[in-house]
Structures are given as C-alpha cells and as structure tokens.
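In what follows, a single structure is set out as structure tokens and then discussed.
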Amino acid sequence: MSLVVYNTLSRKKEEFKPIHEGLVGIYVCGPTVYSDAHVGHAKSYVSFDIIVRYLRFLGYKVLYIQNITDVGHLLDDGEDRMLKQSRIEKTHPMQIAETITRSYFEDMDALGVGRPDISPRASGHIIEQIEIIKELLKKGNAYEVNGSVYFDVRTFKDYGKLSGRTLDELIEGTRVEVRSEKRNPEDFALWKKAEPEHIMRWQSPWGEGFPGWHVECSAMSMKYLGEHFDIHGGGLDNQFPHHECEIAQSEAATGKPFAKYWIHNNLVTVNGQKMSKSLGNFVTLKDLFKKYDPLVVRFFILQSQYRSTLDFSEQAIESSRTGLAKLRNTVRRLRQEIDFRKRASSFGKSDKSGDVKKFREAFVEAMNDDFNAPKAIAVLFDLVTNVNSWLDDPSAPLTEASLEAFDKFFWESASGVLGILRKEDAASSSADGTTITSVMDLVIKIRNEARKQKLWSMSDMVRDGLKAIGIALEDKKEETVWKKID
RNA sequence: GGCGCGGUACCCAAGUGGUAAGGGAGAGGUCUGCAAAACCUUUAUGCGCCGGUUCGAUCCCGGCCCGCGCCUCCA
C-alpha cells in the first residue's frame with residue numbers, strides 16, 4: 001500500500017505521486033509575525049512537520065519552504081495590528097517582525113517542529129512580487145488604478161476551483177463594500193499605493209507602495225520550488241480567499257498549473273469555537289509551556305487527525321500528559337532493561353522480534369492513509385501494552401535481538417516520525433557516567449540497604465525528599481530505577 | 001443568504017457495509033513494606049433524530065435537528 005493524500009483540489013484522497021520521482025517540493029503558509037503563536041498555530045505547523053517527516057521517512061528528498069509574512073497584510077484601514085503595535089511600542093514594524101519571528105521559532109523548536117529548509121521573508125521578495133504583477137498586467141489579468149494594481153478575477157475562468165465557489169456566488173455573497181477603485185468587488189489587490197503614514201513602503205513601477213495580500217506566497221513558492229510544484233499547505237481558514245487567489249495569480253502569470261496537491265489542516269476549537277487571535281479565545285504557546293511540556297502539546301495535537309478539528313481543554317491536554325508519560329515510561333523501561341541485562345549478561349530466549357514487523361506495518365499503513373497519526377499512535381500503544389507485559393513476565397525473558405528491535409522501532413516511529421520522544425527519554429539512569437548518575441546510584445544503594453533492614457521511615461524519607469526535588473524512584477523486582485518527573 | 005465540514009461512551013478521539021481503535025478518567029483484581037509503575041478484567045446492543053436501500057448500516061441515499069468553518073486579517 002502506498003501513501004494516499006487528501007487533496008483539497010479534488011476533494012478526495014489521491015495516491016501521492018510527486019512530479020519528479022523521489023523529490024518533493026512543499027510550500028506551507030507561515031505565520032504573520034505580529035504576535036506570539038498560539039495552540040492553533042501549533043496544530044498547523046506540527047501537522048506539516050509530521051507530513052514532512054513522514055515523506056522523508058519514506059525516502060523522499062524533501063525541500064520544505066515556509067514563509068514568514070512580515071508585510072502584505074498591511075491594509076490601509078488604519079486597523080493594521082503590526083503598524084498599530086509599532087506605534088504603541090514606538091518601534092519600527094520590522095523590529096516587531098524580527099522579535100516575533102524569533103519567538104515563533106523558539107516555540108516551534110520547543111515543539112520539536114523541524115525548521116523549514118528555507119524561511120523566506122515576504123519583505124525580502126518585493127522584486128519577485130513586482131515581477132509577477134508586471135507579468136499579470138502584461139497579460140491583461142490585472143489593471144492599475146491610481147498607484148494600486150488589482151487582479152481582474154473575471155479574466156481567470158478557473159477562479160473558485162479550490163474553494164468550490166463560483167463567481168456568481170461570490171458576487172451575491174460578498175460582504176465587502178464595493179471599492180470604487182476596483183472594477184469588480186471580487187477583484188483583489190496585488191499592489192497597494194502607500195498612504196503617507198504607511199511606514200513599510202517600496203518603490204515600484206506604480207509608485208511607492210506595498211504588495212497585496214496574496215502575491216508573496218506565489219512569488220516565494222515559485223522562486224524556490226518552480227512554477228509547478230508538489231504540495232501547497234496551510235490552514236483551512238486560508239483556503240479562501242488566500243489560496244484561491246494564489247492559484248489565480250500564479251496560473252494566470254505562468255500559464256501552468258500551480259501546486260499539484262493542496263493540503264489543509266483543520267482548526268483548534270475551544271468549546272467548539274475556533275481558537276483565533278481575533279476572537280481572543282487563544283492560549284499562547286509560551287503560556288501553555290509554563291504548565292505543560294511542549295511535547296505533551298505536540299502529542300495532544302497528534303492524537304487527532306490533521307483534517308479534524310481538535311477541541312482544546314485542560315482536561316483533554318491533561319489526559320495527553322498522562323498518556324505520553326505512559327509511552328515514555330515504557331520506552332525508558334525497555335532501554336533500562338536492555339542496559340541491565342547487558343551488564344548482567346542475562347538475556348532470555350523468548351524471541352518476539354518477528355512481532356516488530358507486524359507493528360511496523362500497522363504503523364506505516366496508518367501513516368500512509370493521509371498521515372493518520374492518531375491511528376499510528378494507537379499502534380504504538382498496542383505495542384506499549386505488549387512490551388510491558390513481556391517485560392513483566394519473568395518466566396519468558398526476551399532475547400537481546402527482540403529487545404533491541406522494539407527499542408529501534410520506538411525510536412524510528414515515535415521519535416523519528418512523530419517526534420514525541422526526545423533523546424533524554426532514552427537516557428539510561430545508570431549508564432551515562434555523569435555525576436548525578438553516580439550520586440543517584442549511591443543514594444539508591446544506601447536506601448536499598450535501609451529497606452533490607454526494614455527501616456521504612458528512612459527509605460520513605462529518601463524517596464519523598466527526592467520527589468520534592470523532581471526525581472521519582474520506582475522499586476522494581478530486581479532493581480530500583482529513578483527518573484526525572486515530567 | 002451562499003459554499004463547506006462535523007455530531008461516536010464521563011472527556012479527547014480513530015474507524016468500517018457484517019456488528020465499535022487508542023489515550024485519559026471510573027470500578028474491580030494481580031504485584032507491592034508503602035508508594036510509583038505495570039499487567040488483567042470491566043465501562044457505547046450503541047455511533048444526533050426519522051425514513052429508505054440492503055440478508056445486514058454507525059458507515060450508502062433522502063429529510064430533519066444541532067454545532068462549527070469560510071465568504072473580512074486570522075493557522
């Protein structure tokens with residue numbers, strides 16, 4: 001079975017076949033950098049992180065482009081947040097863009113989201129945007145009015161093919177007041193003339209101004225991936241008008257089909273309602289990370305499919321925390337078991353390594369079905385239960401090969417593809433030779449001596465004391481293990 | 001109003017024309033000095049409601065109710 005991807009363009013799942021064998025070019029709409037990222041952004045970028053990771057897992061050479069929007073959403077309605085913010089803080093808007101961009105990457109790094117191969121800034125691609133606009137003017141798909149340039153939607157017959165809207169519906173349904181400047185209300189801006197108070201402005205053939213809402217993505221995606229490329233992704237809320245307009249201007253300019261597959265992630269809701277900056281019901285990642293390990297947030301997100309909405313609540317994320325701890329515990333325990341038995345040279349005879357293949361196939365099958373991470377996670381939890389019960393069974397200890405095979409599989413799936421484990425989770429509590437390890441070995445030795453003499457109050461004092469400083473002790477049958485409390 | 005999506009147990013959430021994954025929470029048990037961890041058993045005759053197609057529907061079709069998204073910057 002091969003990878004199947006839901007393509008918004010066709011509204012169905014399609015077999016994934018890249019344009020050039022073995023290579024995948026993917027462009028994802030990045031953040032508009034005017035305020036800190038929230039859980040909704042995390043869902044989007046974690047989703048595409050999984051897609052990129054999985055494509056690489058399958059052996060594709062992936063080129064991942066994700067832009068930074070630092071200009072272009074600057075409207076002349078006086079309500080623009082970035083300009084407003086820059087006025088309040090008395091700083092240049094580019095300083096805000098820079099600060100928020102850093103903050104964004106900080107958050108994404110914490111979530112284990114791999115950096116895109118290229119993070120192009122819109123403001124750094126003004127020339128490319130102007131080139132597209134010139135081309136559209138030349139071809140008669142755009143017109144200039146008073147220093148601004150608009151795309152003439154009626155010249156592009158395929159307008160609406162992504163969002164499933166027709167021009168007639170748009171005209172009837174439009175809630176935008178007719179701008180006298182535009183020929184038709186459905187037309188959109190490619191270039192806007194800068195009013196005197198507008199700080200971010202560039203020279204253009206049409207005078208000083210700034211690029212419109214949608215050109216940046218056309219310019220940057222085509223610059224780095226070519227005029228026709230494999231995947232364009234983004235949030236569902238960008239489907240219309242942003243992506244629809246991108247298609248129109250790109251295809252009109254080049255005469256070629258734009259992206260082959262359109263992938264849209266669904267939204268995070270709070271009490272069933274969209275979490276968004278404008279509704280004000282958002283939780284910033286920085287705040288959330290004060291209370292929860294970022295990987296818990298990542299795990300929480302991956303427990304629902306990227307095309308489903310995900311309802312955010314403390315209870316839901318709390319249960320993810322416990323759930324992830326269970327997975328981590330098992331992976332850690334497995335590693336400890338391997339190290340313990342290595343030192344004791346006492347591996348068993350029970351061979352379960354063949355089962356790895358079964359679990360691996362189930363995992364791949366889940367991911368092949370439009371990156372079904374929740375299903376893949378369910379496979380991992382089945383394995384967790386199996387591994388734990390095998391480890392619990394003293395009558396049939398596993399062979400070294402079995403243990404190593406499971407360990408390896410956990411790492412390539414849960415860490416490599418899903419990114420919900422980090423290296424420290426593997427750290428054996430007894431084999432890395434650091435000072436704390438040596439100290440803990442000694443503490444455990446002393447405490448076990450106390451336990452041998454049934455000095456319970458003393459041994460409990462040690463355990464409680466360690467707990468207070470964030471270290472948990474677990475008394476197993478053969479040994480006592482310690483771990484940092486998550 | 002137009003277009004689109006969704007309603008699965010206490011919560012989150014997969015899924016299939018043949019009788020409901022997984023996680024959390026709850027209950028009982030095993031293990032254990034205690035704790036923790038883990039394991040076992042258990043918790044939806046039921047998948048918004050009503051019809052239809054079918055040997056059989058939660059999954060297909062039609063109608064209805066409810067919620068949400070987009071149509072305006074938003075991941």
Side-chain angles (χ1 to χ4, degrees), chain A residues 11 28-32 34-35 37-48 69 72-75 77 79-82 160 163-166 168-177 213 233-242 264-269 271-279 282 299-300 303-305 307-327 329-330 333 366 369 372-382 384-385 387-393 451 454 456-457 459-460 463-464 467 472-477 481 483:
Chain A
R11 303 207 171 268
V28 173
C29 287
T32 300
Y34 68 89
S35 69
H38 61 250
V39 185
H41 296 93
K43 174 163 162 75
S44 184
Y45 300 118
V46 165
S47 297
F48 286 104
T69 297
H73 286 163
L74 304 181
L75 310 179
D77 56 18
E79 273 304 316
D80 178 76
R81 288 196 178 89
M82 210 141 131
S163 57
R165 289 155 209 263
T166 67
D168 294 339
E169 288 162 4
L170 276 174
I171 295 161
E172 282 171 27
T174 188
R175 275 157 40 185
V176 189
E177 80 286 13
W213 314 348
L236 200 60
D237 48 354
N238 270 332
Q239 196 178 103
F240 188 89
H242 186 54
H264 290 98
N265 64 277
N266 215 132
L267 308 156
V268 173
T269 57
N271 296 322
Q273 263 210 325
K274 174 183 176 178
M275 177 185 286
S276 75
K277 289 181 183 175
S278 48
L279 287 175
F282 62 91
F299 179 69
F300 168 67
Q303 277 183 298
S304 86
Q305 215 266 354
R307 283 193 292 116
S308 305
T309 53
L310 172 61
D311 204 53
F312 177 86
S313 67
E314 286 274 328
Q315 192 187 3
I317 200 159
E318 189 62 47
S319 65
S320 291
R321 193 170 68 99
T322 318
L324 182 59
K326 180 175 180 172
L327 177 67
N329 278 338
T330 302
R333 182 183 176 196
D369 183 13
N372 196 327
K375 212 168 166 185
I377 287 172
V379 171
L380 293 184
F381 274 96
D382 283 340
V384 162
T385 302
V387 165
N388 277 321
S389 52
W390 288 328
L391 293 181
D392 275 351
D393 182 3
R451 289 175 67 216
K454 298 193 192 301
W456 306 130
S457 64
S459 56
D460 287 349
R463 188 174 58 201
D464 293 345
K467 190 178 175 186
L473 286 188
E474 290 177 14
D475 296 320
K476 306 285 184 182
K477 280 206 177 72
V481 298
K483 64 180 182 188

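In what follows, every chain begins at residue 1, and chains take the letters A, B, ... in the order their sequences are listed.
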Provide, to the nearest angstrom, the distance between the [atom1] atom belonging to [X] and the [atom2] atom belonging to [N].
X        : N     : atom1 : atom2 : answer
A:Ile317 : B:A25 : CD1   : P     : 15 Å
A:Gln303 : B:C11 : CD    : C1'   : 12 Å
A:Gln305 : B:C12 : CD    : P     : 18 Å
A:Leu473 : B:A37 : CG    : P     : 13 Å
A:Phe282 : B:C73 : CZ    : C1'   : 14 Å
A:Lys467 : B:A36 : NZ    : C1'   : 8 Å
A:Gln315 : B:A9  : CD    : C1'   : 13 Å
A:Asp460 : B:A35 : CG    : P     : 10 Å

Pairing of A:Asp460 and A:Arg463 as salt bridge, 4.0 angstrom limit: yes
N-O pairing of A:Arg333 and A:Asp392 below 4.0 Å: yes
Have a look at [X] and say if it touches a base, only the backbone sugar-phosphate, or nothing, with a 4.0 Å heavy-atom cut-off.
X        : result
A:Thr322 : sugar-phosphate
A:Ser320 : nothing
A:Lys274 : base
A:Asp464 : nothing
A:Val379 : nothing
A:Gly40  : base
A:His264 : nothing
A:Tyr45  : sugar-phosphate
A:Ala316 : sugar-phosphate
A:Leu236 : nothing

Sequence-distant partners of [X], side-chain hydrogen bond (donor to acceptor under 3.5 Å, both in side chains), two or more places apart:
X        : value
A:Ser319 : none
A:Asn238 : none
A:Ser320 : A:Gln303

Tell me which nucleotide among [options] gets nearest to the side chain of [X].
X        : options             : answer
A:Ala378 : B:A21, B:A13, B:C71 : B:A21
A:Lys326 : B:A25, B:A13, B:A38 : B:A38
A:Ser276 : B:C74, B:G69, B:A36 : B:C74
A:Asn388 : B:C73, B:C39, B:A14 : B:C39
A:Asn238 : B:A37, B:C68, B:C74 : B:C74
A:Lys375 : B:A37, B:A14, B:C74 : B:A14
A:Arg463 : B:C74, B:G33, B:A35 : B:A35

Within less than 4.0 Å of OP1 or OP2 of [N], is there a side-chain N or O belonging to [X]?
X        : N     : result
A:Ser389 : B:A38 : no
A:Lys477 : B:A38 : no
A:Ser313 : B:C11 : no

Could you tell me the Watson-Crick or G-U partner of [N], where both distances fall under 3.5 Å? Say none if there is no partner.
N     : result
B:C68 : B:G4
B:U30 : B:A38
B:G46 : none
B:C74 : none
B:A9  : none
B:C60 : B:G52
B:U16 : none
B:A21 : none

A:Asp369 side chain vs A:Asn372 backbone, donor-acceptor pair below 3.5 Å: no
Donor-acceptor contact below 3.5 Å, side chain A:Ser389 vs main chain A:Thr385: yes
With sequence neighbours excluded, residues passing side chain to side chain contact (heavy atoms under 4.5 Å, CB included) with A:Asp382: A:Phe359
Pairing residues for A:Glu318 by the side chain to side chain contact (heavy atoms under 4.5 Å, CB included) criterion, not counting sequence neighbours: A:Tyr292, A:Arg321
Mark yes or no for a side-chain to base donor-acceptor pair under 3.5 Å between [X] and [N], with no hydrogen or angle criteria applied.
X        : N     : value
A:Ser278 : B:C74 : yes
A:Asn372 : B:G15 : no
A:Asp475 : B:C34 : yes
A:Arg165 : B:C71 : no

Looking only at atom [atom1], what distance separates [N] and [M], rounded to whole Å?
N     : M     : atom1 : result
B:G46 : B:G18 : C1'   : 16 Å
B:G62 : B:C3  : P     : 15 Å
B:A21 : B:U16 : P     : 13 Å
B:C68 : B:C73 : P     : 22 Å
B:C39 : B:G15 : C1'   : 27 Å

Exercise: do A:Lys43 and A:Asn266 side chains pair donor with acceptor under 3.5 Å: no
List every contact pair, protein side and nucleotides 4-7 of chain B side both N or O, where the distance is under 3.5 Å.
none

Verify stack between A:Trp456 ring and B:G33 base, 5.5 Å, 30 degrees: yes
Side-chain heavy-atom pair A:His264, A:Asp237 within 4.5 angstrom cut-off: no
A:Thr385 vs A:Asp382, nearer the 5' end of RNA chain B by closest nucleotide: A:Asp382
Residue mapping more 5' on RNA chain B - nearest nucleotide basis, A:Ser457 or A:Cys29: A:Ser457
Mutual orientation of the aromatic rings belonging to A:Phe299 and A:Phe381 [parallel < 30°, tilted 30-60°, perpendicular > 60°]: tilted
